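Below is one structure, written out as C-alpha cells; comments come after it.
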2 protein chains.
Amino acid sequence: MSADEVLTVRGDAELVARAGHLFAGAQHEFVCVARDLDTWSQPAARQAIANRMPPAGETGFTVSKLLSPAALAGEAARLRLREVMAKGARVRISSTRLPHETIIIDRRVMILAGRDTPGLREYTVTTSPALVGGVYALFRAVWETGTDLAAYFSGEMPHLDADSLAVLRALGAGHTDETASRQLGLSLRTYRRRVAELMAKLEADSRFQAGLRAGELGLTG
Amino acid sequence: MSADEVLTVRGDAELVARAGHLFAGAQHEFVCVARDLDTWSQPAARQAIANRMPPAGETGFTVSKLLSPAALAGEAARLRLREVMAKGARVRISSTRLPHETIIIDRRVMILAGRDTPGLREYTVTTSPALVGGVYALFRAVWETGTDLAAYFSGEMPHLDADSLAVLRALGAGHTDETASRQLGLSLRTYRRRVAELMAKLEADSRFQAGLRAGELGLTG
DNA sequence: CGGACGATGGCAGCTTGCTGCCACCACGTT
DNA sequence: AACGTGGTGGCAGCAAGCTGCCATCGTCCG
C-alpha cells in the first residue's frame, strides 16, 4: 500500500508554481472539463499556463474541452468559444451541469478544482494511474454523448424562438395539427407554416425525420 | 498544501480489510460504475462487502449502478440484473465503455479499481472532497444520459427484428412511403402496416413523436 | 396620407398517410 | 382433401398534411 501521488494546493499562484511544468510537459492530449471557459481560473493564471502549452493542432496534440450549456450564453462567451475552436481545440457541450473543473494531461496527470468558493481556490493534482484512468473513462463517456460544437456552429444549430419551441412541444405531444393549432391560438394554416419552417431548419424531409433530429439536438427538454 | 487522503491497496483481501468499514458506514448513497455486475471484484469479496451494507431501498438510501451494454449480454447476466433491481437498486446503461470500475459512497469516499490485470488488482481509496466531487459530477453527467434499465425491462423497450429496423432506417432517411416501400421490396400497404406496428410499439401518436421516441431509445445507430 | 413590408388566415387543390375490407398464398394441422 | 392461421397486397375511402394564391391587418417609414 502507498499514499502518494496526490497534491493539494490553494490558489492559482501556487498551482502555477507547483504544477506549471506539467502543462508545459503536455505531449499528446489536453482535456478540460468545465462549466464554461472562464470559471476555472483567474485570467492571469490561465494566460500563464496557456503560454507554456504546445500549440493545439500540432501533430498528435489534441485539445478537448467539454463544457456546460452555460458556455453558450452571451455573445462574449460565444466569441471566446470560436477563438478556442479556431486554435484547433475540439469543443463539446454536455447537457448536464459540470460544477467541478477537471483537467487531464496526457492521460497521466489530473487536476481537479474545488467548487468556486470565496478566497483561495483549492486544486488537487493527481498522477495515480488508477485515479486518472478512471476519471478519463468517465470523461470519455460524457464526451461521447455531448454534441460537437463545430457541428453546432457550422451545421448551424437552429436558433429557435419560444414560438417554434411551442410548436415543437405540440408535435412532440403527438397532437394533430388541428388540436395543436387551436391550443396555440393559431390558425391551421399558420401552424402548418410553422411546422414547415421548423422542418426546413432541421433539414428534415419528413415529420419522422424532424422528430429524430429534434431529439438528436436535445430539444426535447 | 497537503498530500493525504489517498490510499492504494492491492487485492480484494486488503481492500476489504482496510476499506470494509467504509462500506458499512454508507448512509445515503452507494454509486457503482462498472462494465457489468461481475468484474469489479471476486465473488467472495463482493459478498463480504454486500453483507456489511445497509439494505437498498431503505429510507434515504439509494443504490445506483451504471453499467456498459455488456451487462445485458447473456441470460445469466440479465437474471443478476433483475435481482439487483428487485433489491431497489437503480440501474442504467451507458453506451460507452467503462473499463475502470468506480465506487462512490455517500459522495465522500471513492474507490477506483485499476484495469483487470493478472495478479492482485489495485484499488485506490480516496476521501479528498475535490476528487470525489469532481468524479461524482462526471458520474452524474453519464448517469443522466444513460437509459434506465427499469424502463428497459418493464416499459418493454421494443424488441425489434431486423425488418422493423429497416423500416426505421427508411423513415429516418426521410423517404416517402412509396420510395421506402419500393426500396424494401414491400408493397405500399405492407410498409405502412409496418410503420403502424412500429408506432404502436413506440406508443407514438404521430410520426413526429415516433421519430422522437426512436431517437430517445437510441435506435438511430 | 399612401405605400411597402411582413405576418396572418382562409380557400382550394393536391399529395401523403392511415386503415378497414377482402382476396390470395404458403404452411402446417387434422 | 379440407381447414385454420398468419403474412401479404390491392382497393377504396377517409383523414391528415402540404402549399400556392390571395385578401386582410398592423406597423413602419417616406
Side-chain angles (χ1 to χ4, degrees), chain A residues 75 78 153 155-221, chain B residues 75 151 153 155-221:
Chain A
E75 210 41 56
R78 288 176 180 240
F153 277 133
E156 80 182 72
M157 172 95 147
H159 300 302
L160 307 161
D161 38 17
D163 227 16
S164 308
L165 227 68
V167 174
L168 209 66
R169 254 181 284 114
L171 282 169
H175 298 135
T176 68
D177 287 12
E178 177 151 5
T179 312
S181 66
R182 255 187 288 115
Q183 210 170 40
L184 298 179
L186 294 173
S187 79
L188 190 60
R189 181 72 186 84
T190 309
Y191 176 77
R192 287 187 172 149
R193 233 197 284 266
R194 290 289 156 74
V195 174
E197 290 164 7
L198 202 59
M199 284 173 57
K201 278 185 194 165
L202 297 173
E203 295 176 47
D205 294 328
S206 67
R207 289 200 177 194
F208 183 93
Q209 210 177 19
L212 214 54
R213 284 273 161 72
E216 277 175 19
L217 300 175
L219 308 171
T220 53
Chain B
E75 209 40 56
F153 277 134
E156 84 184 70
M157 173 96 146
H159 301 301
L160 307 162
D161 37 19
D163 226 16
S164 308
L165 227 68
V167 174
L168 210 67
R169 255 180 284 115
L171 281 168
H175 299 136
T176 68
D177 288 10
E178 177 150 6
T179 312
S181 65
R182 255 187 288 115
Q183 209 170 41
L184 298 180
L186 294 173
S187 80
L188 189 60
R189 182 71 186 83
T190 310
Y191 176 78
R192 285 184 173 153
R193 232 195 285 265
R194 292 288 157 76
V195 175
E197 290 164 7
L198 203 59
M199 284 173 58
K201 278 185 194 165
L202 297 172
E203 294 176 47
D205 295 328
S206 67
R207 288 199 177 195
F208 183 92
Q209 210 176 19
L212 214 54
R213 284 274 160 72
E216 278 176 17
L217 300 176
L219 307 171
T220 52

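Numbered from 1 within each chain, the chains take letters A, B, ... in sequence-line order. Worth saying up front: this structure is predicted, and the values here are computed from it rather than measured.
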Could you walk me through whether Leu168(B) and Phe208(A) pass the side-chain contact (heavy atoms from CB on, under 4.5 Å) test, one step at a time? CA-CA 10 Å; Leu168(B) 210 67; Phe208(A) 183 93; 4.0 Å; yes
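- Counting heavy atoms from C-beta on, the side chains of Glu197(A) and Lys201(A) never come closer than 4.5 Å.
- Distance CG (Leu184(B)) to P (dG9(D)): 11 Å, rounded to an integer number of Å.
- Heavy-atom distances under 4.0 Å link DNA chain D to Asp177(A) of residues 170-181 of chain A, given in residue order.
- The OH atom of Tyr191(B) sits 10 Å away from the P atom of dC18(C) (whole-angstrom rounding).
- dT16(C) atom P lies 19 Å from atom CZ of Phe208(A), rounded to whole Å.
- The bend of the helix from dC1(C)-dG30(D) to dT30(C)-dA1(D), defined by the angle between the axes of its first five and last five pairs, stands at 10° to the nearest 10°.
- To the nearest 0.5 Å, atom CZ of residue Arg193(A) and atom OG of residue Ser181(A) are 13.0 Å apart.
- Here the side chain of Arg192(A) pairs no donor or acceptor atom with the backbone of Asp177(A) at under 3.5 angstrom.
- What you find for Leu212(A) and Gly211(B) is that their closest heavy atoms are CD1-O, 3.2 Å.
- When the P atom of dG6(C) is taken as reference, atom CD of Glu197(A) falls 14 Å away, rounded to whole Å.
- Of the side-chain N and O atoms in Arg207(A), one or more sit less than 4.0 angstrom from OP1 or OP2 of dC18(D).
- One atom, CG of Asp205(A), and another, C1' of dT16(C), lie 14 Å apart when rounded to the nearest Å.
- We find that CD of Gln209(A) is positioned 12 Å from P of dG17(C), with the value rounded to whole Å.
- Straight-line distance from the CZ atom of Arg194(A) to the C1' atom of dT8(C): 9 Å, rounded to whole Å.
- Rounding to the nearest 0.5 Å places OG of Ser206(A) at 6.0 Å from CE of Met199(A).
- Listed here is the closest heavy atom pair of Gln209(A) and Asp205(A): OE1-N, 2.8 Å.
- Between Leu184(A) and Ala166(A), the shortest heavy-atom contact is CD2-CB, 4.1 Å.
- Residue Thr190(A) has a polar side-chain atom (N or O) positioned under 4.0 Å from OP1 or OP2 of dG9(C).
- Proximity of Arg207(B) to Val195(B): side-chain heavy atoms (C-beta onward) are separated by under 4.5 Å at one or more points.
- The distance from atom CG of Leu198(A) to atom P of dG17(D) is 15 Å, rounded to the nearest whole Å.
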Look for any protein N or O under 3.5 Å of an N or O in nucleotides 10-15 of chain D and output each such pair with its distance, or none.
{"unit_1": "dG10(D)", "atom_1": "O6", "unit_2": "Arg189(B)", "atom_2": "NE", "d": "3.3"}

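- Summarising the geometry of Arg213(B) relative to Glu203(B), their closest heavy-atom pair is NH1-O, 3.0 Å, with the distance given to 0.1 Å.
- The line from CG of Leu171(A) to OH of Tyr191(A) is 3.5 Å long, rounded to the nearest 0.5 Å.
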